[in-house]
There are 2 protein chains.
Amino acid sequence: MSPIATTTTTQTATPKDKPTKAGCTPDEREETVLNTMRLLAADLCQQHNSGHPGTAMGAASIAVALYRHQMRYNPANTEWFARDRFVLSAGHASLLQYIILHLTGHAFWTLDVLKNYHGPVLHGPAAGHPEIEFPGIEVTTGPLGQGIANAVGLAMAGKQLGSLYNREGFPIIDGKVWCFTGDGCIQEGVGMEAISLAGHWGLDNLIMIYDQNNVTVDGTIDACLTDDTPAKLAAQGWHVISVGEVTNDVGRVVAALEKARGVQGKPVLVHVQTSIGAGSSKANTHLVHGSPLGVDNLAETKRALGFDSADKFVVPAQVYEYFSDVGPRGAAAESKWNDLFERYRQSYPVEYAELSRRLAGELREGWEADLPLKTELPSDIATRTASSLVIQALAPKDASWLTGPGDLASSCLVNYPGQVEFQNPITNLGDYTGRAVRWGVREHAMAAIANGIVAYHPGAFLPVISTFLMFFLYSSPANRMAALQRLRVVGLATHDSIGVGPLGPTHQPVAVAALFRAIPGMTFLRPADAEEVMGAYLVACGTSHAQRPSIISLSRNNLPLLQGTDRNKVKLGAYVVHGGDGAVVTLVSTGSEVSLAIQVADRLTGEGISTRVVSMPSQVHFDAQPEAYRRATLPTRDTLVVSIEAYVSTGWAKYAHAGAHLVGFAHAAPADLLYEYYGLGVDNLTRKIGDLYRQAKGSLPAAGEYVELLDGHVPNQYALAV
Amino acid sequence: MSPIATTTTTQTATPKDKPTKAGCTPDEREETVLNTMRLLAADLCQQHNSGHPGTAMGAASIAVALYRHQMRYNPANTEWFARDRFVLSAGHASLLQYIILHLTGHAFWTLDVLKNYHGPVLHGPAAGHPEIEFPGIEVTTGPLGQGIANAVGLAMAGKQLGSLYNREGFPIIDGKVWCFTGDGCIQEGVGMEAISLAGHWGLDNLIMIYDQNNVTVDGTIDACLTDDTPAKLAAQGWHVISVGEVTNDVGRVVAALEKARGVQGKPVLVHVQTSIGAGSSKANTHLVHGSPLGVDNLAETKRALGFDSADKFVVPAQVYEYFSDVGPRGAAAESKWNDLFERYRQSYPVEYAELSRRLAGELREGWEADLPLKTELPSDIATRTASSLVIQALAPKDASWLTGPGDLASSCLVNYPGQVEFQNPITNLGDYTGRAVRWGVREHAMAAIANGIVAYHPGAFLPVISTFLMFFLYSSPANRMAALQRLRVVGLATHDSIGVGPLGPTHQPVAVAALFRAIPGMTFLRPADAEEVMGAYLVACGTSHAQRPSIISLSRNNLPLLQGTDRNKVKLGAYVVHGGDGAVVTLVSTGSEVSLAIQVADRLTGEGISTRVVSMPSQVHFDAQPEAYRRATLPTRDTLVVSIEAYVSTGWAKYAHAGAHLVGFAHAAPADLLYEYYGLGVDNLTRKIGDLYRQAKGSLPAAGEYVELLDGHVPNQYALAV
């Protein structure tokens, strides 16, 4: 790939209150640009006495080197597919990005929009952290560390699409991914996991700039970080370019980035030092990390930099001029690419059609019909096995699918015959066309990288990540970010109960479902049998979910195929699977426990207590149904409603009068022993529920009187000493 | 510190079906020991056709080198305080530990107990992962990666106690911490974070053995991990000893560990290679990672190793003999130490008294009285500020306290005047007596290391860790392990609402409380004002909580000191703070929203709808109260009960008929704007609740009819497209 912008211009740029000096050097001109950016950052923080000026001031030269000299993009069309992508992993430095987006002519990012920063406005762009819904922002990085992983995902997506669709003479997908990280961000485990994977995969389209300013919120970095970070990354397969101090030296950064683009076979770390808060007398201290300079210091800083201390938000015309060819260059680059892509269409119609389908956010047409019919499903398989049938049926046929386990392929059953691994082509293990990903034991990075893959072009990829449900807690901060950004990532969470047996309590996800059900924007599905697994995939992959992540919770143990289950009803969230009119008791259950509930219902009915069973694969879908449907499905005024799930009861009082749930972690033992011992055996449940019904004598528990049926039975080592 | 056991004996040990060879070499003797261990592991997996034989077979030489030659411990008293501590971070290799505990004469670990491994037993020791409640197990490592951090915590605790209490000639605390990790475990971010900290702190009492067998569950490691791990750790301040292949070479491991103990100023990585499943023809493949050998392969393996294929669970007498001096040596070491400690008592009575108090699990006597009285509390402060008053009052006076922020000291307010930082003494930043910890931006390691600190000797430390509530999601897998193990770690979770303002949605913990309230064994406290903060500390630090972690959720914004709050009622979980008899509406709320609820209550009462307010700082404490108290506090049959909390409503239907909660993430904006906009303003709440009450006309919503009051109002970008 050839760089777009390495030429320099001879335009001058000086503050408006200084006469333009004829013949000013490029250095002098850049000094004005940098100081303008610094004072803009300082003013934007000062206006509401809130914000992070430090990095925006210190790292201005990096933003200029990237956006003025190195990155390929078109400010007039931030969605241009072939653009380079930039990730600000140190998201609290968002101001740096907003300012450079403004200066490079992104129409959306006016000075007025920038003034929303930390301001008393609702729905204002220019938030404290960059947010994906605004032009020019590739991903919402949020809490530290994840942006590094997001960038790895973007790079991975680019590598894969390039490998699948580029053809000789048609480098239609060859953009770089640029990531900016700092001293705080680089400490996070999720970033470290992603760094290890990027090095393993040899992603040479990824260039990460590590801005070491040696200062974090709490002071100098030597109090908590003394790693030799460049050596650490070199040991993980990264090419390291050490640049040194660049606060006022755009040229040096440009040269380093230019060198970085030429590196082949490895991701590149560009290690630079900057002076946080540069220009101010508070430079190089944590005082300027997350606090405005203060009125006096800001005025003093302006004077020192040759600006009028009475003026605010000053952008000299020369500064705009300095960036003025960014737009035309970007437009020309896009136009040239559009021509290339049109010629590609003519030369490679099949590839073009597939890529276009993906760019339109569509899965392969008719994929739903390839799911095995209920009549074709085995009568007794684990839902993880049913899931593997889906993967085997769909993943090989659609390049959108990207499947992979967190080192538990044989447990999560995400492999399929003939799969090719996504691997560094210099190994003999696979190549970049491979769509079977070996994440290793790195759950958090797996999920955060998957977010980056989707963010590359939402709808173009369907990443299916997998590990035990318990280990999804490791990845939950990234699953949450998928929900916040509405990124369709499908999580397969197997071993979803105390039925993990000998693995013991450390592997029992008794409280994890509660978290995922609570996260806004997340769909947590727990199918009761193989048929509902089909329904879970219909929901998770379907069009209505194109903007939403899902976690499909799957059993390790075999479950019978139930007569009443229906893939097309999963999207209702809950529906009657057993029994019907005239019931006086309703059991509502999920996953492994639905077949158990049916046995209990039959026993209760046999005792004269007519009982129906509702399967509730998705609470969020049920909540979205009309009230009439909800009341008819769970008629709490007319029947005793009891929830049964081998997790804690959190959230179930919303639907039921009483529940049979765990109140602690269980011991290590085979599933059947555990269910029996912890009170979830058929006999005990039948007795408990029957007793409750008989005692109620028609007077059902009121709201706020939810009954924990198994409270007394469990050896309650986790109970509170009051 | 001098090693306890580096001499070798000349006893012979051979399988019972072989004649004892006179003059057999130490190598031959050790070969028999190793093969016995391997076959024991294979038999224990084969008995129930389930288990992880691979590492137990491959790494037997490491266990022997540690437990026979290097570690200081007394099998007869696994709680001996001055022991070396061993952490099996690759917990799925638990069998290795159980077998060596058996062979070294730990009375608890009989062969019969070992046979519980993966067996159909309830409450059996010898679970699939080591569990802290059984003798000789220092910590429940659970999911991969955390054990590394736990070991760092143990080393940190040892360093600190040694620095505080050792005196010239009295090295009463100088044990080593040995950690065993493997190819899977070493990939996890939490371990990487902890490794960085251990190197930063220069913890030379920590020796980590990295057993590289190049195989994980899914195959060979080169498919997902190509780091140069020794170089990576060297770049993080570790001393690296590369040993090479040691499967059958105990002596080589012993020599390396001996060298490791002598290293000063740095933690040590001992890098060894072993052959997973050694002895079997399946060695060096993932087939032997987590599956039994199979009957035929096992028989063949026995024959190849010179054992009778018909025998099971064979431990030749010579093998027991080989380990026979471990017990006496350990007893002698303990006895010698007891003498030393007795002399210490006489020479240093003050230090002895303090240490003894801590070893007894007691905080400084009378600490509760040092909390500021309600009358001394400011009338309007953030609860994070109230928390800082507690820390300033208590932490300086009690060496049990270990406080520190995840790089957000100025936000979480955990510093106190005169604090000394826990730092490598070669820096000029602090030393190992320092009790103010600078965790950096490593939330997960912070929590997992804190677990290790507590596990060193439960009750001796009170680690107080802190970050924003949102970032506790990063640490949640370790917080969960604290709950599972009943380790008292106090988490201060600040910025606990959408009131994080300009930081925006990525920092809004709208679903995090739901998780921590759901985890069995965890106490999640959300105090309403400064007075309840005092109560939260009384609960979290108090005796009844000595075996339980807590998270105290704290506000960034000021909150009025409420007339009705009472520190001594926090332990009730919920109580009336405003209004009283004759009320027809009860508002139940927490934290920042309680003062809001009181304003709403006054308005409703003014409109003729007499309303009382319940503050509910801890759901788990409330659930533990007698039913009469619960019904009287939240009388759902007599009053309309409405919950108000600026999080999602998860869990509230258990207590209330209706609730005012968020249904999505909010935007970035100042707190007051956000509360108003998202419907949590006084006017809107008064109107909504008043309307609901009037519409109900005495017929309150039934169980299962929980009303989301704010559903319609929030711009519902996270709603489901159905």
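Below, read A as the first sequence line, B as the second, and so on, with proteins coming before strands; counting in each chain starts at 1.
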Original post:
Which heavy atom in A/Asp222 sits nearest to a heavy atom in B/Leu429, and how many Å separate them?
Top reply: O-CD1, 3.6 Å
**OP:** Heavy atoms only, distances under 4.5 angstrom: which of B/Leu515, B/Asp228, B/Leu473, B/Val641 has the most pairs with chain A? Name it, please.
**Re:** B/Leu473
Original post:
B/His129 versus chain A, heavy atoms under 4.5 Å apart: side chain, backbone, both or neither?
Top reply: both
Subject >> Contact check, side chains of A/Glu443 and B/Pro143, non-hydrogen atoms, under 4.5 Å >> reply: no
Original post:
Highest number of heavy-atom pairs under 4.5 Å with chain A: which of B/Arg438, B/His200, B/Lys654?
Top reply: B/His200
Subject >> Contact leader toward chain A among B/Ala518, B/Gly651, B/Gly237, where contacts are heavy-atom pairs under 4.5 Å >> reply: B/Ala518
Original post:
What do the steps show when you test B/Arg480 against A/Met470 for side chain to side chain contact (heavy atoms under 4.5 Å, CB included), and what is the final call?
Top reply: CA-CA 11 Å; B/Arg480 172 181 174 274; A/Met470 189 60 248; 3.1 Å; yes
Subject >> Under the salt bridge (Lys or Arg N to Asp or Glu O under 4.0 Å) test, residues paired with A/Arg637 that sit two or more places apart >> reply: B/Glu705
Original post:
What are the two closest heavy atoms between B/Ala223 and A/Glu421, and how far apart are they?
Top reply: CB-OE1, 4.1 Å
Subject >> Qualifying residues under side chain to side chain contact (heavy atoms under 4.5 Å, CB included), relative to B/Asp672, sequence neighbours excluded >> reply: B/Pro670
Original post:
When only pairs under 4.5 Å are counted, which of A/Thr636, A/Val441, A/Val437 shares the most heavy-atom pairs with chain B?
Top reply: A/Val441
Original post:
Among A/His444, A/Met192, A/His286, which residue forms the greatest number of heavy-atom pairs with chain B at distances under 4.5 Å?
Top reply: A/His444
Original post:
Non-hydrogen atoms of chain B under 4.5 Å away: do they reach the side chain of A/Leu572, the backbone, both or neither?
Top reply: neither
Subject >> Max heavy-atom pair count under 4.5 Å with chain B, selected residue of A/Thr650, A/Asp407, A/Leu503 >> reply: A/Asp407
Subject >> Segment of A/Ser291 engaging chain B (4.5 angstrom heavy-atom cut-off) >> reply: neither
Subject >> Residue part contacting chain B, namely of A/Ser476, when any heavy atom lies under 4.5 Å >> reply: both
Original post:
Looking at OG of A/Ser196 and NZ of B/Lys232, how far apart are the two atoms once the value is rounded to the nearest 0.5 Å?
Top reply: 4.5 Å
Original post:
Quick one: what part of A/Arg631 sits under 4.5 Å from any heavy atom of chain B, side chain, backbone, both or neither?
Top reply: side chain
Subject >> Closest heavy-atom pair and its distance - A/Arg442, B/Leu225 >> reply: NH2-CD1, 3.4 Å
**OP:** Identify which of B/His507, B/His657, B/His92 forms the greatest number of heavy-atom pairs closer than 4.5 Å to chain A.
**Re:** B/His507
Subject >> Proximity breakdown for A/Ser50 and chain B, heavy-atom pairs closer than 4.5 Å >> reply: side chain
**OP:** Measure distances from A/Gln236 to the heavy atoms of chain B and classify the residue's part below 4.5 Å as side chain, backbone, both or neither.
**Re:** both
Original post:
Does any heavy atom of chain B fall under 4.5 Å from the side chain of A/Tyr474, the backbone, both, or neither of them?
Top reply: both
Original post:
So which of B/Ala653, B/Gly128, B/Ala235, B/Ala126 has the biggest tally of heavy-atom pairs under 4.5 Å with chain A?
Top reply: B/Ala235
Original post:
Pick from A/Gly430, A/Ala409, A/Ser411: which one has the most heavy-atom pairs with chain B under 4.5 Å?
Top reply: A/Ala409
Subject >> Per-residue contact mode, A/Glu188 against chain B (heavy atom under 4.5 angstrom) >> reply: both
Original post:
Looking at A/Ala514, A/Gly504, A/Gly573, A/Gly184, which has the largest count of heavy-atom pairs under 4.5 Å with chain B?
Top reply: A/Gly184
**OP:** Measure distances from B/Leu197 to the heavy atoms of chain A and classify the residue's part below 4.5 Å as side chain, backbone, both or neither.
**Re:** side chain
Subject >> Residue A/Val510 versus chain B: region with a heavy atom under 4.5 Å >> reply: side chain
Original post:
Contact part of A/Ile519 toward chain B, heavy-atom cut-off under 4.5 Å: side chain, backbone, both or neither?
Top reply: both
**OP:** May I ask you to name which of A/Thr140, A/Leu634, A/Leu408 has the most heavy-atom pairs under 4.5 Å with chain B?
**Re:** A/Leu408
Original post:
Given that the side chain runs from C-beta out, which part of B/Pro701 has a heavy atom under 4.5 Å from chain A: side chain, backbone, both or neither?
Top reply: backbone
Original post:
Taking all atoms of both residues into account, what is the closest heavy-atom pair of A/Pro520 and B/Val648, and its distance?
Top reply: CG-CG1, 3.8 Å
Subject >> Residue part contacting chain B, namely of A/Thr506, when any heavy atom lies under 4.5 Å >> reply: both
Subject >> Residue pair B/Val121 / A/Leu673: nearest heavy atoms and the distance that separates them >> reply: N-CD1, 3.8 Å
**OP:** Locate the shortest heavy-atom distance separating A/Gln187 from B/Trp439; write the atom from each residue and the value.
**Re:** OE1-O, 4.4 Å
Original post:
Top residue by heavy-atom pair count (under 4.5 Å) with chain A, among B/Pro477, B/Ala231, B/Ala668?
Top reply: B/Pro477
